[in-house]
Each structure stands twice: as structure tokens, then as C-alpha cells.
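Throughout, protein chains are lettered first and strands after them, A, B, ... in sequence-line order, and every chain is numbered starting at 1.
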2 protein chains.
Amino acid sequence: MRISELAAATQVPVATIKYYLREKLLHDGVLTSATQARYDDSHVRRLKLIRSLIGTAGLSVSATREVLLGLESPPESGHDLLGIAHHAVTRTAPDDVDLSSAQKLLDRWGWGAATCDRDTQAALVAALHGLSEAGFDAPAALLDRYAAAMQDIAEADVDTVPTDSAEAAMRHVVLGTLLMEPVLLAMRRLAQQSASFQRFGGTGS
Amino acid sequence: MRISELAAATQVPVATIKYYLREKLLHDGVLTSATQARYDDSHVRRLKLIRSLIGTAGLSVSATREVLLGLESPPESGHDLLGIAHHAVTRTAPDDVDLSSAQKLLDRWGWGAATCDRDTQAALVAALHGLSEAGFDAPAALLDRYAAAMQDIAEADVDTVPTDSAEAAMRHVVLGTLLMEPVLLAMRRLAQQSASFQRFGGTGS
DNA sequence: CAATGTTGGGGAGTAACACTATCTAAGTCA
DNA sequence: TGACTTAGATAGTGTTACTCCCCAACATTG
């Protein structure tokens, strides 16, 4: 398949495909001459994946590259796979952030295994700080209910990880983490509308 | 308080405060002469709110302006407040999107009150489409578990809305929706690490 | 009163990001 | 043969969120 056919098959402009090739998001096609190369199904699949990560999950090009690299590299440990996905959506925390508030929450929720991921803890601390700076104080009881719901979701996540193939497991974990986030947020908004209507009524305008 | 003092109090550069003034995110100070104005606590609070919405919640400047306008305008209906927050984080859907798959899900979950919000439904459809384009097929049972968890969260959300003041309720709903999203996502990641460790073990590297 | 510093207002500049367009030489295909 | 396509490279575009600079007008300090 030529580049124009690849573009037609994926609805991605040729210029954009060339850009992804330059940025090493997409692997090169097989050169058949100095100015011709052939692409195949693997390029179609990869391109759709790239578009989902950039478009749906909102990753940057460089974060997408890291995720794709992670998907290709040997799995090492089943647990560490999460790090690939989480690192892609979490900016690295400086050394001097105070994570004690996050540690206290992790203790309360029994999430001891998460105590080693400083970056995500810092993201939690930053998000809670942004909340309180805005004058919104989240009661502990509310956070506890959130934590219980998120634990349900996380258990559903690991329950559905395929155990037959390490590669399938890796793919599942990374994509399930990244691409499911917008799904969850949209579901929350819809559930809020439903709950709000049942509680307060509404005009539906 | 002069602009430099406002900058010192909020850790926001003077040039950025001027930018927010130009963009009408921040209300003008009281002019005491042609080249002097006074600012007060309301500016400090507003500036912190702006920074939380832009920094923590990741809103754009124009979305932030809409949210702030919504917070100032009369509340109208308790239920419609959600629309202000949801509209700020959801891009408007074109007229020709097919929402039938979203409608089916809403029916299944009993979220009938959400059937009028086309934009958020379109966001759900788009997110699910991105997932399947990436070769990740979410089983219905997984989505159902997600839906149950999100309903818990939404009920916790409406349970904690203050009922004494309409203004406080509005503030709570909008901020609780927007600023809580990064909190929830960080919590999911931490919960995943905990669940993954308990299920698979791990090196913790 | 003078020297120094700050401010409002406005325009222009910047850096990052994700493309998008154009060009050339070297092909392919009918 | 001649129209079309391509790889590879360079440069340009549009958006966003600032950031810098300038000036006249003021405030503050000595």
C-alpha cells in the first residue's frame, strides 16, 4: 500500500503521516526505491492507535511516542506496565514536594502499593491544592466515597486484564488506563445530570 | 493593594495579571488616577480561582471566562448549573453525530435525565470510538461496573451540595465538577497500582 | 523640588505545539 | 512519452498563553 492509500484508509492526511514518520511515532515503510515505500496493515493499526492516543486521550506527540515505545519493549514485570501509562499522563514531580498528605490518604484507603509512585501522588496533591486554593474544601467523607468508587473501577480494570498473552495484557493496561479516562469523565457528567435531576428537578433547558 | 502587591500575594506575575485583565477574566481595580488602581481581596480570590481553573482543571482562557461569567450570572435553575460547568469542558457536537449508542447506554443505566445533553453524549461516543479504533473493545460488563461507580460518585457530588445559598451551591457544583476531575483521575491511577499489586505482585521499581 | 520608581494601557514578541505546505529529484504507471 | 506520485527535507501556519517593552502619568522619597 502506498502512502496515499494509507492516508485514505485511515483518514489521516499524507502530510500528517509524514510528520508522524519524522517524529518516529510510525515505523518506516519498506523502501522499494529511492522515492517509494510500501506500507501495510501494521501501519494502519498503528496510525489508528496514534490518533486515538493524541485525539481521544489527549496525549502530546512526545508522550504518545513514549507509550508506543513502551508497548514495543519487553514487558518485564506485569505490575510495572502501569508505570508506562501513568508516566505518559503525569508530569514528573520536583524533588521537594511534600507528599505527606497523599501518604495519609493512601494509608486511610489501604493503597499501600501505590506509595512508591511519587509523580502520581504529587498530581493528587496538586489537584487537591488547586481545589482548596479555589475556595473549595473537599470534606474527607466525600473523598472517601470517591476512593471507594475508584477502587471499584480499578478492580474492574485488573479483572479484565487478559492473562493469556503478556503483550495483550500490556496493551490492555496501557490503553485501558489512557483511553478510558475520557469515557469515565463523560460518564460522570451524565451521571451527575441524572442524579441532579432526581434530587433537585430541573427545567431540562 | 497595588498590582505589584496583588502579584506578590498570589504568586502571579504582573504581566499575567494584566493579561487576565485584558481578557476580562479578572475585574478591573478601582482607578485612583490615570495610572494607578487599587485591588482588594476579591481580586486575590478571583486570581486564585482563575489559576486553579486554568492550571489544575486545564481549562482554556476562554472556557475559564465562560465559567466565571456563569458563576456571576443569576442562578436560574439549580439543575441547569451543571450545564455551565459541563459546557466549559465539552466541545459542542456537530448536528449529524449518531447518539443512538449513547442513548442505549443511558437507558441501560437509568440515566434518563441526561438524554438532553447532546454534547456530553457525543463526548462519550467519541471516547468509546477512540477506544475501539485503537483495538480495545470494552466489554459491556466493564462499562456497567464503571457506570455503577460513577453513579456513586455523582450521588456523593449532589449529596454534598450546600442547600443554604444558591450562590454557594452554584460555586460548589461548578468547581466540584471541574476541579475534581484531576483528583479522580489521580485516585484511579493510585487505586490501579494498589489493585494491580494485590493481583499480580510487582517489583515496585 | 527633584530624583527615582511604579503603574495603566496597549502593542508587539515569544515559545511550544501539532500540524501543513512547498520543493526537488527520483521514481511509477498508462 | 507524459502525467502522476513519492521520499525527504525545509519552511510556514494558526493557536494558545503568556511575556516583554514602551510611554506618559503618577507616587514616593530625600
Side-chain angles (χ1 to χ4, degrees), chain A residues 1-40 43 46-68 88-89 91-92 130 178, chain B residues 1-40 43-44 46-68 88-89 91-92 130:
Chain A
M1 149 186 322
R2 304 192 292 185
I3 197 170
S4 58
E5 296 170 301
L6 180 59
T10 56
Q11 304 277 39
V12 178
V14 171
T16 305
I17 296 177
K18 287 187 175 187
Y19 169 65
Y20 292 158
L21 287 168
R22 274 199 303 280
E23 292 293 321
K24 299 291 173 198
L25 298 190
L26 188 62
H27 46 294
D28 286 335
V30 179
L31 275 177
T32 61
S33 78
T35 63
Q36 299 276 292
R38 297 288 131 171
Y39 303 90
D40 58 25
H43 294 89
R46 178 69 155 253
L47 214 34
K48 285 184 176 176
L49 177 55
I50 291 168
R51 287 257 123 170
S52 289
L53 289 174
I54 290 179
T56 304
L59 295 197
S60 68
V61 166
S62 64
T64 303
R65 181 170 39 232
E66 276 180 44
V67 169
L68 293 172
V89 288
R91 59 180 168 194
T92 37
L178 299 179
Chain B
M1 172 186 299
R2 304 192 292 186
I3 198 171
S4 58
E5 296 169 302
L6 179 60
T10 56
Q11 304 276 36
V12 178
V14 171
T16 304
I17 295 176
K18 286 186 176 187
Y19 169 65
Y20 292 157
L21 287 168
R22 276 201 298 279
E23 292 293 320
K24 300 290 172 200
L25 298 189
L26 186 62
H27 46 295
D28 286 334
V30 180
L31 276 178
T32 60
S33 78
T35 63
Q36 298 276 290
R38 298 285 133 172
Y39 303 91
D40 58 26
H43 294 89
V44 174
R46 179 70 155 253
L47 213 36
K48 286 184 175 176
L49 178 55
I50 291 168
R51 286 257 124 170
S52 289
L53 289 174
I54 289 179
T56 304
L59 295 196
S60 68
V61 166
S62 64
T64 303
R65 182 171 37 233
E66 276 181 42
V67 170
L68 292 172
V89 289
R91 58 181 167 194
T92 36

- Establish, with yes or no, whether the OP1 or OP2 oxygen of C/dG9 is under 4.0 angstrom from a side-chain nitrogen or oxygen of B/Thr35. no
- Report which part of the nucleic acid B/Leu31 touches: base, sugar-phosphate, or nothing (heavy-atom distance under 4.0 Å, all strands). sugar-phosphate
- Nearest whole angstrom, please: distance from the P of D/dA7 to the CG of A/Asp28. 10 Å
- Message: Output the rounded distance in Å from OH (B/Tyr39) to C1' (C/dG9).
- Response: 10 Å
- Task: Kindly indicate whether the side chain of A/Leu68, heavy atoms from C-beta on, has any atom under 4.5 Å from the side chain of A/Lys24.
- Result: no
- Message: Any base atoms under 4.0 Å from B/Ala15, or only sugar-phosphate, or nothing? Heavy atoms, all strands.
- Response: base
- Message: What is the distance, to the nearest angstrom, from the CD atom on A/Glu23 to the P atom on D/dG8?
- Response: 15 Å
- Message: Classify B/Ser60 by what it touches in the nucleic acid, base, sugar-phosphate, or nothing, heavy-atom distance under 4.0 Å.
- Response: sugar-phosphate
- Query: Can you tell if the side chain of B/Val12 reaches within under 4.5 Å of the side chain of B/Arg51, non-hydrogen atoms only?
  - Reply: yes
- Item | Atom pair OG1/CG of A/Thr56 and A/Leu49 - distance to nearest 0.5 Å | 10.5 Å
- Query: Within the structure shown, what part of the strands sits under 4.0 Å from A/Leu21 by heavy-atom distance: base, sugar-phosphate, or nothing?
  - Reply: nothing
- Mind calculating the distance between CZ (B/Arg38) and P (D/dA27) to the nearest angstrom? 9 Å
- Task: For D/dC18, take OP1 and OP2 only and decide whether either is under 4.0 Å from a side-chain N or O of B/Arg51.
- Result: yes
- Of B/Ile54 and B/Ser33, the one whose closest nucleotide on DNA chain D sits nearer the 5' end is B/Ile54
- Query: Taking the side chain of B/Tyr20 as its heavy atoms from C-beta onward, which of D/dC26, D/dC18, D/dT5 lies nearest to it?
  - Reply: D/dC18
- Judged by nearest nucleotide, the residue sitting upstream toward the 5' end of DNA chain C, A/Thr16 or B/Lys18, is B/Lys18
- Query: Is the shortest heavy-atom distance from the side chain of B/Tyr20 to the side chain of B/His43 under 4.5 Å?
  - Reply: no
- Query: Just checking B/Ala37: base, sugar-phosphate only, or nothing, at a heavy-atom cut-off of under 4.0 Å?
  - Reply: sugar-phosphate
- Query: With no angle test and no hydrogens, is the base of D/dT19 tied to the side chain of B/Arg22 by a donor-acceptor pair under 3.5 Å?
  - Reply: yes
- Message: Once you apply a heavy-atom cut-off of 4.0 Å, does B/Thr32 come out as touching a base, just sugar-phosphate, or nothing?
- Response: nothing
- Task: Send over the distance from A/Gln36 CD to D/dG8 P, rounded to a whole Å.
- Result: 11 Å
- Message: Whole angstroms only, please: what is the OH-P distance between B/Tyr19 and C/dA12?
- Response: 17 Å
- Message: How long is the straight-line distance from CG of A/Leu21 back to CD1 of A/Ile3, given to the nearest 0.5 Å?
- Response: 6.0 Å
- Item | Length of the CZ-C1' vector between A/Arg65 and C/dA18, whole Å | 12 Å
- Length of the CZ-P vector between B/Arg2 and C/dG9, whole Å: 16 Å
